[in-house]
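Given the structure is predicted, the values throughout are model-derived calculations rather than measurements. Both ligands and their constituent atoms are indexed starting at 1 by order of listing.
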Amino acid sequence: MTSKFSSRVRSLVPLLLATASLYGCGAADDGADRLIVIKFPHVVAPSTPKGQAAARFEQLVEERFPGRVDVEIYPSSQLMNDDDSLEALAFGEVQMIAVSLSKFDRLTHSFQVFDLPFLFSDLEAVQRFQRSETGQEMLGELVDSGFLGLGYWHNGMKHFGAPVPMRDPSDADGLKFRIMESDVLQAQVIAVGGNPQKMSFGEVYQALQTGAIDAQENTWSNIYSTKFHEVQPYFTITNHGYVGYLVAVNPTFWAGLPDDIRVGLEEIMDDVTDWENSRAAEINADNLERIRESGRTEIVSLTAEELDSWRTAMRPVWQQFEANIGVDIIAAAQSAN
Ligand code: LMR
């Protein structure tokens, strides 16, 4: 099924074309002969949902535009961390990013909805919200800040890893938690008595190993591919939050592309987005099994009652961020469940 993402993006393009010519970027046909290089850095392993989708995008683009478009993928924080990539996109040092929605926190408050604890029941619910009118509008929300959203890619639902089995919120008391750069996640950890530390993804393994942090939250694919399970004795299945990405380009760069290339890249992106989103849950489930089979850590499952106590402890975070995010956005997200 082709997603609706492209229609939203395409409706912005005439406006962007005007902006591109203002910035002297060249009208659509001027650069028809030049090799277009798309540098696409990201921070996770090639085996993760995002890593696989980025590689597929590269392959499909180069098959369709041989000698005209060169996509260069830099996985595993090889080139830069996510924070730096937000700036690099604005300065044209890289041309495409897929950064966690949580990390757009300083640019927009509405994306904070994706971090509200226990808001979405599963990835299908997130997807319904992302495909809703509200979700589609949010794709274009950061254009003025220099980010044109081409689509949302899932990773998966988050779980806690810790030095102790986390059955009750009181087990988090006093633990140092690594979190992504998000104020909602900071409030979430404080709500259960933990000590939140914002840290880039590439630093987490070592911080766990040296004891600079005690605990963290992430998806099974990020945990498995980065071997967090080898340095964390317990993981608790909570599904308390979501990790997903805004795939974004610089609007001026995008509008300056030759028409046939821009349209072709948007078509490929739509296909890759559908492909990625239909596989993410499966990759995470597979990676959970591999973690279990490794015997390097213990996986804790909670009863419905235990899970409820986490939900209750974290719920005040919603009220804290309601005004920032907007009640309409939260209601639209809830109705996707
Ligand atoms: C994290 O920092 O934990 C994630 O954003 C990494 C990723 O890109 O999935």
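- With hydrogens left out, the protein atom closest to atom 5 (O) of ligand 1 is Ser100 OG, 2.4 Å, a heavy atom.
- Here the options are Lys227, Glu298, Gln216, Arg296, the test is side chain to side chain donor-acceptor pair (under 3.5 Å), and the partner is Gln232; only Gln216 passes.
- With hydrogens and angles left out, the side-chain atoms of Trp275 and Gln52 include no donor and acceptor closer than 3.5 Å.
- Close contacts of ligand 1 with Val44, meaning ligand atoms under 4.0 Å from a residue heavy atom, involve 6 (C), 7 (C), 8 (O), 9 (O).
- Heavy-atom proximity to Met180, at under 4.0 Å, picks out these atoms of ligand 1: 1 (C), 2 (O), 3 (O), 4 (C), 5 (O).
- In this structure, the separation between OG1 on Thr108 and CG on Leu142 is 5.5 Å, given to the nearest 0.5 Å.
- Per-residue contacts place Lys103 under 4.0 angstrom from the following atoms of ligand 1 (heavy atoms of the residue considered): 1 (C), 2 (O), 4 (C), 5 (O).
- The closest protein non-hydrogen atom to atom 9 (O) of ligand 1 is Tyr245 OH, 2.5 Å.
- Only the side chain of Asn218 comes within 4.0 Å of ligand 1, judged by heavy-atom distances.
- Only the side chain of Asn222 comes within 4.0 Å of ligand 1, counting heavy atoms alone; its backbone N, CA, C and O stay farther away.
- Ranked by closest heavy atom to atom 1 (C) of ligand 1, the top entry among Arg178, Glu217, Gln216, Lys50 is Arg178.
- The existence of a salt bridge linking Arg292 and Glu289 is confirmed by a sub-4.0 Å separation between a basic side-chain nitrogen and an acidic carboxylate oxygen.
- Taking 4.0 Å as the cut-off between side-chain N and carboxylate O, Arg68 and Asp260 count as a salt-bridged pair.
- Ile299 and Met166 fall into different hydrophobic clusters, defined by Ile, Leu, Val, Met, Phe, Trp and Tyr side-chain heavy atoms under 4.5 Å apart, directly or through other members.
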